[in-house]
Amino acid sequence: MSKYDLNADPATRTLDSVTGISKKGLPSGTVGVLGALVIGISTCAPAYTLTAAVGPAATQVGYQTPAIFLMGFIPMLLVALGYRALNSAMPDSGTSFTWATRAFGPWIGWMAGWGLVAATVLVLSNLAGIAVEFLFQSISILVGDPAIAEIAGNRFINIAVCLGFMALATFISYRGMTSTKIFQYITVLFQMAVLVWFIIAMFVGAGDPANTEGRTPELSWFNPFEVDSFSAFAAGIAVSIFVYWGWDTVLTMGEETKPSKGKLSTESKAAMILVGILVVLYVGTAAATVGYAGLGDTGTGLNNSAIAENVFAALAHPVMGPAAILLSVAILVSAMASINSTAISPARTLLAMSHYGALPASIKKIHPKYKSPYRALLLSSIVASIFYAVMRFISEDVLWDTITALGMMVCFYYGITALASPWYFRRAAVREGIGSVISKIVLPGIGGILLLVVFVQTTLDSMDPEFGSGSNIAGVGLVGIIGVVVLGLGLVLMFVQARVSKDFFSGRVLARTEATSDTSALELFDDGLGS
């Protein structure tokens with residue numbers, strides 16, 4: 001295996017204990033379990049995620065929305081087991097990109113990295129759009145003028161404010177992990193407190209006789225077999241995958257977390273705790289929202305297409321009365337904080353891809369003072385801003401359409417990453433015993449296959465002009481177009497990069513291997529090069 005850094009000074013470089021390539025310049029030991037957990041919650045942004053996802057999910061599966069959020073948790077749990085195993089063996093900020101490359105080779109690894117970056121660009125644009133909506137909603141409530149909330153519908157104002165949010169969040173991330181962590185503690189505490197209040201209020205309101213649409217939650221709502229068709233089930237799963245998406249950001253900080261005293265690494269502990277918190281919160285919120293709002297197609301009914309993109313904006317005042325301003329501000333700061341923390345993932349993936357020669361070397365620059373991958377961060381933020389501006393002119397329902405397209409991208413790269421675990425550990429797990437076979441091969445394999453099946457089914461269905469919000473171009477569903485164009489662009493860029501990155505694409509930088517024969521770390525110490 002090649003042990004070199006394309007740009008490092010041989011006299012000063014330190015070598016990565018996994019790959020033999022110089023470390024990327026990220027500061028180590030700066031984030032503990034609580035800090036990683038807070039950043040993970042902020043990335044998942046429950047308040048923002050739920051207001052954007054409950055409407056599209058309910059449109060697809062109706063009263064089985066709680067069931068679909070519960071079912072979305074199952075492949076996430078299975079995938080999390082694969083992520084945990086891979087992260088323990090190969091902690092690396094490149095996560096999906098690095099692991100898929102080591103398991104399947106550079107071509108599949110590159111596309112897994114592209115899927116992660118593309119998904120994050122989609123969600124960054126959506127986050128900024130939600131932040132704009134709730135900024136004007138909050139101002140509207142404060143001054144008592146409903147007309148102010150309508151300003152968000154002006155495309156030019158909407159885009160201008162959106163770009164401002166992106167710039168602010170990028171600046172905060174630019175200053176490094178420490179400032180990011182402090183910002184997240186404050187915003188996470190506030191949004192979680194308000195969200196729990198809102199959920200309890202919805203459960204109470206669902207049983208209020210004055211709420212004619214309200215219904216007491218039933219056990220059938222948690223039964224996924226009540227969903228009408230597999231296409232509806234797959235579309236619902238794609239949306240529910242979106243709500244869980246982001247927990248893996250915790251694992252991209254593996255090179256920056258504090259050492260763990262137990263068997264599990266600091267970031268793995270945080271990731272597993274995070275997934276457990278999310279499933280309880282999301283299934284409970286789905287049940288409360290469906291119970292309170294019902295499935296009507298007018299007013300606050302969840303089949304009302306006018307509120308599907310942003311359900312909590314319509315429910316805030318009916319549920320919380322004068323305290324509705326708190327929910328609006330909570331979702332605003334949730335979206336803002338998530339823009340900031342979500343930018344961690346693509347920046348570090350781009351950093352890793354550049355570091356290993358899969359992208360131009362100029363992308364991997366680390367800020368000398370703040371130790372942040374500032375060029376990768378700026379690149380992902382600029383692309384997300386451009387994407388949002390273009391989509392805002394193409395579709396009136398840009399938030400809804402990007403949510404569904406995002407779910408497809410997440411299924412794509414999560415599926416590849418999950419399958420990397422059984423392939424990489426195929427011999428080692430058998431030697432370790434039945435427990436390892438189940439946790440490293442069987443369960444992640446099932447999760448990966450499930451997600452790729454959902455990806456294929458949703459991609460085919462999304463070509464229908466009626467899919468998602470109903471936006472289409474020349475009779476082809478906009479969601480399908482987004483998915484095909486994004487993946488197609490990734491393929492084009494990969495082949496272009498392959499012409500100049502021959503070391504990476506020939507396997508000389510990150511060699512394809514499996515756990516029993518992966519001796520790169522041993523080679524380092526045998527050579528006396530371990531850092």
Side-chain angles (χ1 to χ4, degrees), residues 44 46 49-82 199 202-203 206 215-247 275-296 301-303 308 311 400 403-412 414-415 418 442-462 464 466-468 479:
C44 294
T49 297
L50 290 166
T51 189
V54 170
T59 300
Q60 296 292 339
V61 299
Y63 284 115
Q64 276 62 55
T65 300
I68 214 68
F69 279 10
L70 184 61
M71 290 301 294
F73 163 71
I74 294 175
M76 283 294 96
L77 177 61
L78 301 181
V79 169
L81 293 173
I199 294 168
M202 282 196 293
F203 273 123
R215 289 186 57 180
T216 302
E218 303 172 7
L219 286 177
S220 63
W221 295 6
F222 302 88
N223 181 7
F225 297 104
E226 295 278 345
V227 178
D228 293 338
S229 67
F230 181 73
S231 290
F233 178 83
I237 285 290
V239 174
S240 71
I241 291 299
F242 156 71
V243 302
Y244 290 105
W245 176 82
W247 65 268
V275 171
I277 291 173
L278 293 180
V279 68
V280 174
L281 184 64
Y282 289 162
V283 174
T285 303
T289 308
V290 172
Y292 180 88
L295 298 177
L302 297 181
N303 278 324
V311 168
W400 187 344
I403 286 295
T404 313
L406 166 67
M408 292 163 53
M409 292 298 104
V410 172
C411 289
F412 171 74
Y414 269 7
V442 177
L443 296 181
I446 293 172
I449 291 170
L450 285 174
L451 290 183
L452 290 179
V453 167
V454 170
F455 165 72
V456 172
Q457 182 68 51
T458 308
T459 300
L460 294 175
D461 292 339
S462 65
D464 188 326
E466 298 302 317
F467 189 87
V479 174

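The figures here come from the full heavy-atom set of this structure, side chains too, leaving out hydrogens, waters and symmetry mates.
For A293, the side chain to side chain contact (heavy atoms under 4.5 Å, CB included) partners two or more places apart in sequence, or in a different chain, are L302, L315. Listed by chain and residue number, W221 satisfy the ring pair (Phe, Tyr, Trp, His ring centres under 6.0 Å) test with Y63 (two or more places apart in sequence, or in another chain). Remark: S240 engages I68, F69, I237 in a side chain to side chain contact (heavy atoms under 4.5 Å, CB included) (not counting sequence neighbours). Partners of L70 by side chain to side chain contact (heavy atoms under 4.5 Å, CB included), not counting sequence neighbours, listed by chain and number: V279, V283. For T51, the side-chain hydrogen bond (donor to acceptor under 3.5 Å, both in side chains) partners at least two apart in sequence or on another chain are N310. Applying the side-chain hydrogen bond (donor to acceptor under 3.5 Å, both in side chains) rule to S231 yields the partners Q457, D461; only residues at least two apart in sequence or on another chain are considered. Residues forming a side chain to side chain contact (heavy atoms under 4.5 Å, CB included) with T458 (at least two apart in sequence, or on another chain): A234, A238, M408, V454, F467.
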Requested in this report: Any chance you could lay out the side chain to side chain contact (heavy atoms under 4.5 Å, CB included) test for V275 and Y244, step after step, and finish with the verdict?
Outcome: CA-CA 8 Å; V275 171; Y244 290 105; 5.7 Å; no

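Between atom OG1 of residue T459 and atom CG of residue L452 there is a gap of 10.5 Å, rounded to the nearest 0.5 Å. For the atom pair CG (L219) and CD (E226), the distance works out to 11.0 Å, reported to the nearest 0.5 Å.
No donor-acceptor distance shorter than 3.5 angstrom exists from the side chain of T65 to the backbone of A286, with no hydrogens or angles considered.
A67 and P224 make their closest contact through CB-N, 3.7 Å (heavy atoms, listed as atom of the first residue, atom of the second, distance). Residues F203 and G284 approach most closely at CZ-O, 3.5 Å, considering heavy atoms. When every heavy atom of V61 is checked against every heavy atom of G236, the shortest pair comes out as CG1-CA, 4.4 Å. Smallest separation of non-hydrogen atoms from A52 and P56: O-CD, 3.3 Å. In terms of heavy atoms, Q60 sits closest to A232 at O-CB, 3.7 Å. The two residues C411 and I241 have their closest heavy-atom pair at SG-CG1, 4.0 Å.
The stretch residues 216-225 participates, sequence neighbours left out, in these salt bridge (charged side-chain N to carboxylate O under 4.0 Å, His left out) pairs: R215-E218. The side-chain hydrogen bond (donor to acceptor under 3.5 Å, both in side chains) pairs that include a residue from residues 283-295 number zero, where partners must be two or more places apart or lie in different chains.
Contact annotation: the side chain of L50 approaches that of Y282 to within less than 4.5 Å [non-hydrogen atoms, C-beta and beyond]. Between F455 and L451 there is no side-chain heavy-atom pair separated by less than 4.5 Å. Put simply, the side chain of Q64 does not reach to within 4.5 Å of the side chain of N223, judged on heavy atoms.
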Atom pairs and distances, side-chain donor-acceptor, residues 442-449, under 3.5 Å, sequence neighbours left out:
none

